[in-house]
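Just the heavy atoms: all of them, side chains too, but no hydrogens, waters or symmetry mates, feed the values below. Here is how names work: the chains are called A, B, and so on, in the same order as the sequence lines, proteins then strands, and each is numbered from 1.
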Amino acid sequence: MSDLLSIEGLRTVFRTGNGEVAAVDGVSLSVAKGKTLGIVGESGCGKSMLSLSVMRLVPQPGRIAAGRVMFDGRDLLTLPPAGMRDIRGNRIAMIFQEPMTSLNPVFTVGDQITEAMRAHDRAASNAELKARAIAALGRVRIPAPERRFDEYPHQMSGGMRQRVMIAMALACEPDLLIADEPTTALDVTVQAQILDLLRDLQQQTGMAIILITHDLGVVAEMADEVAVMYAGRVVERASGTAIFDDPQHPYTLGLLGSIPKLEETHDRLLAIEGAVPAPFALPQGCRFHPRCVFATAACERESPPLRDLGRGHLAACLRAPLEAAVAAEAH
Amino acid sequence: MSTPLLEVENLAKHYPVKRGLVMAKTVGMVRAVDGVSFSLDRGETLALVGESGCGKSTTARLVLRLIEPSAGTVRFEGTDITAMSGQPLRRLRRRMQIVFQDPFASLNPRMTVGDILEEPLIVHEIGDRMARRARVNQLLGLVGLASYHAQRYPHEFSGGQRQRIGIARALAVEPALVVCDEPVSALDVSIQAQVVNLLKDLQARLGLSYLFIAHDLAVVKHMADRVAVMYLGKIVEVAPKDALFANPRHPYTRTLLLAIPRPDPHRRGAKQLPGGDMPSPMNPPPGCRFHTRCPFATDICKSEDPPLRAIESGHMTACHHAETLPAAVAAEGVHAASPAAALRLALYAERRGRITATAG
């Protein structure tokens with residue numbers, strides 16, 4: 001299968017008062033043309049920093065210390081800045097969680113979309129760009145796009161603003177869209193509409209999507225492949241169905257158990273206690289062991305490698321498959 | 001039956017819309033809350049559910065007298081509090097508290113956690129310095145934090161921990177009613193579960209009543225005893241939790257239920273949601289306010305505003321077609337977890353339960 005993007009051994013570090021810490025620590029992932037890769041994990045697990053690393057937008061004092069980001073046969077990390085500018089927005093586009101803060105409040109949405117188009121197409125006339133921008137607004141199902149073209153962000157609802165962001169991201173018909181928590185700030189009804197829209201646009205344009213979220217419910221709606229991240233590392237990788245039908249890592253189980261389900265009869269949610277450790281205070285051994293209900297002494301010592309459990313399903317857990325480990329314990 | 005803790009009748013809040021700077025004229029009214037009635041018993045949780053802009057947070061602020069109503073009454077422990085002022089109002093504020101949505105904006109970054117938790121005690125003149133400090137320690141323990149956290153500042157805490165601080169602050173003055181205004185919607189799913197569990201434990205221990213504001217019915221299922229669904233300033237359905245989820249009788253309630261993302265890739269794309277945004281509360285549609293988005297709307301819905309009426313004991317809905325709606329689709333396409341997933345989740349639950357039991 002031809003991968004559009006493949007990340008190999010990526011490591012992104014930050015210089016801090018406590019020395020250098022790794023926000024992304026040896027991550028390898030790939031996404032194929034026209035497919036969706038879901039990256040799941042709690043705040044602070046490194047998933048946003050991973051996507052910023054792909055775009056080479058890591059904020060100071062961070063830097064990419066190791067790894068390769070192969071996109072369409074080229075390593076993005078070795079491109080000159082001008083070459084990277086040509087990729088950004090044009091071939092790889094990004095949308096963010098906060099549709100309010102990512103739009104400029106003093107320009108109309110039309111101005112902002114045409115500005116993005118202008119950056120990658122200096123030859124087109126203004127009238128042509130306006131027509132294309134209105135078509136882009138129509139494509140993301142904004143009603144009356146001609147009127148909306150002249151409106152300001154504050155005149156729109158959160159869902160409409162996120163549609164504008166998507167229209168802007170798709171203006172240059174990118175091959176890859178990175179969506180960082182695109183629906184987290186939205187109502188559930190609007191969230192469902194936006195996910196539906198992203199699916200349809202993907203079918204029309206054949207773009208690949210990297211969807212970053214903390215919500216496995218959103219992943220279930222979208223992803224062909226899933227990577228679960230914890231403390232800067234991938235702890236489980238599987239297909240979009242296998243991660244739900246055959247979850248292997250205790251962290252994945254914790255995320256699944258945390259989702260409030262309508263079908264469930266018992267009231268208490270299966271929360272994961274505790275929080276993601278800070279990058280400068282990572283535990284020894286398996287980074288999840290202090291929060292893990294299956295942890296043993298070995299988990300405190302050994303860092304589990306990401307190993308193949310069959311059919312491309314990878315998990316970084318010494319105790320997987322868990323039912324066998326628990327049965328062995330009982331003896 | 002004893003009086004409910006809280007009774008709200010025909011509560012309304014209309015904001016005038018003005019044009020012009022010097023000679024400002026009122027050109028319209030935003031009917032943020034437009035005739036809302038409900039009651040809340042002691043120890044009960046009532047959830048107010050709806051999309052952004054439906055008036056649920058405005059209702060919460062009206063109940064707390066943080067803003068003044070345009071019409072209607074709020075009775076707390078049998079007393080009308082809408083006209084209360086001065087000392088009685090100050091005493092009342094001890095009895096009702098609020099937990100806000102955004103744990104990053106609702107804690108003063110320049111105060112230590114200890115000072116944040118002590119402040120309500122100082123305001124209400126509870127205890128001397130020693131007693132207040134002891135109470136702060138006790139509160140930290142109550143929400144699962146440690147006493148050394150009192151010296152720290154909010155920025156040193158994660159979102160979930162900050163929300164615990166917000167809850168501790170609300171509980172400092174021993175209120176009877178706690179309004180939770182979307183307390184978990186800014187948090188990660190895994191942390192949401194921790195906070196929901198904490199709120200339930202605290203209710204059981206302290207006998208609290210919650211008015212729980214949310215936009216996500218799945219979270220509500222785990223919190224509420226009764227649920228009121230709001231749309232454009234009005235309650236469109238109210239019912240005990242089980243009745244509402246098993247048999248929703250308003251098309252809007254069904255829309256909200258359908259919109260919840262399910263952790264089940266096998267039913268991807270199976271749902272058909274009505275499109276569109278909520279209309280502006282300044283210019284609500286005539287007739288039933290939901291008819292512009294409703295898949296079941298007929299002519300009567302465009303002209304006549306349906307009243308909120310009882311269709312079963314305790315179950316009220318404002319829909320002309322409540323009786324004739326097709327059977328609810330709640331069970332449609334529900335895919336049980338695969339055997340492997342179910343087995344591992346059961347193992348996980350069993351271990352989790354054992355650890356909680358030994359810790360408690």
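- The shortest non-hydrogen separation linking A/Pro260 to B/Val219 is CG-CG2, 3.9 Å.
- For A/Val219, the part lying under 4.5 angstrom from a heavy atom of chain B is the backbone only.
- With sequence neighbours left out, B/Pro285 forms a side chain to side chain contact (heavy atoms under 4.5 Å, CB included) with B/Leu232, B/Pro279, B/His291, B/Thr292.
- A pairwise comparison of heavy atoms in B/Leu343 and A/Glu323 identifies CD2-CB, 3.7 Å as the closest pair.
- Put simply, the side chain of B/Gln194 gets close to the backbone of A/Gly274: a donor and an acceptor are under 3.5 Å apart.
- The greatest number of non-hydrogen atom pairs below 4.5 Å with chain B, out of A/Leu322, A/Leu255, A/Val326, is found for A/Val326.
- Here B/Ser52 is the residue among B/Gly50, B/Ala342, B/Pro339, B/Ser52 with the most heavy-atom pairs under 4.5 Å with chain A.
- Of all the listed residues (A/Met222, A/Glu181, A/Arg141), the one sharing the greatest number of non-hydrogen pairs under 4.5 Å with chain B is A/Met222.
- The CZ atom of A/Arg291 sits 6.0 Å away from atom OG of B/Ser190, with the distance rounded to the nearest 0.5 Å.
- Put simply, the side chain of B/Asp216 never gets that close to the backbone of A/Val188: no donor and acceptor are under 3.5 Å apart.
- Contacts of B/Asp242 classified as side chain to side chain contact (heavy atoms under 4.5 Å, CB included), with partners at least two apart in sequence or in another chain: none.
- Most heavy-atom pairs under 4.5 Å with chain A: of the set B/Ile191, B/Asp201, B/Leu187, B/Val220, this distinction falls to B/Asp201.
- The minimum heavy-atom distance linking B/Ala193 with A/Ala271 is given by the pair CB-CB, 3.7 Å.
- The heavy-atom pair separating B/Arg352 from A/Leu270 by the smallest distance is CG-CD2, 4.1 Å.
- Of the residues considered (A/Ala275, A/Ala223, A/Pro250), A/Ala223 shows the highest number of contacts with chain B, using heavy-atom pairs under 4.5 Å.
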- Task: Could you walk me through whether B/Leu347 and A/Phe294 pass side chain to side chain contact (heavy atoms under 4.5 Å, CB included), step by step?
- Result: CA-CA 9 Å; B/Leu347 286 174; A/Phe294 298 101; 4.0 Å; yes
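- Closest heavy-atom contact between B/Leu256 and A/Thr189: CD2-CG2, 3.7 Å.
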- Message: With side chain to side chain contact (heavy atoms under 4.5 Å, CB included) as the criterion, how do B/Gln192 and A/Leu269 come out once you've worked through the C-alpha distance, each side chain's angles and the decisive distance to 0.1 Å?
- Response: CA-CA 9 Å; B/Gln192 282 185 12; A/Leu269 289 167; over 6 Å; no
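- With a threshold of 4.5 angstrom between heavy atoms, A/Gln191 approaches chain B through side-chain atoms but not through N, CA, C or O.
- Annotation: side chain of A/Phe244 is not in contact with side chain of B/Asp264 (no heavy-atom distance under 4.5 Å).
- In this view, B/Ala340 and A/Asp246, B/Ser338, B/Arg344 satisfy the side chain to side chain contact (heavy atoms under 4.5 Å, CB included) rule, not counting sequence neighbours.
- Residues of residues 209-218 of chain A that come closer than 4.5 Å to chain B, counting heavy atoms only, are A/His214, A/Asp215, A/Leu216, A/Gly217, A/Val218, ordered by residue number.
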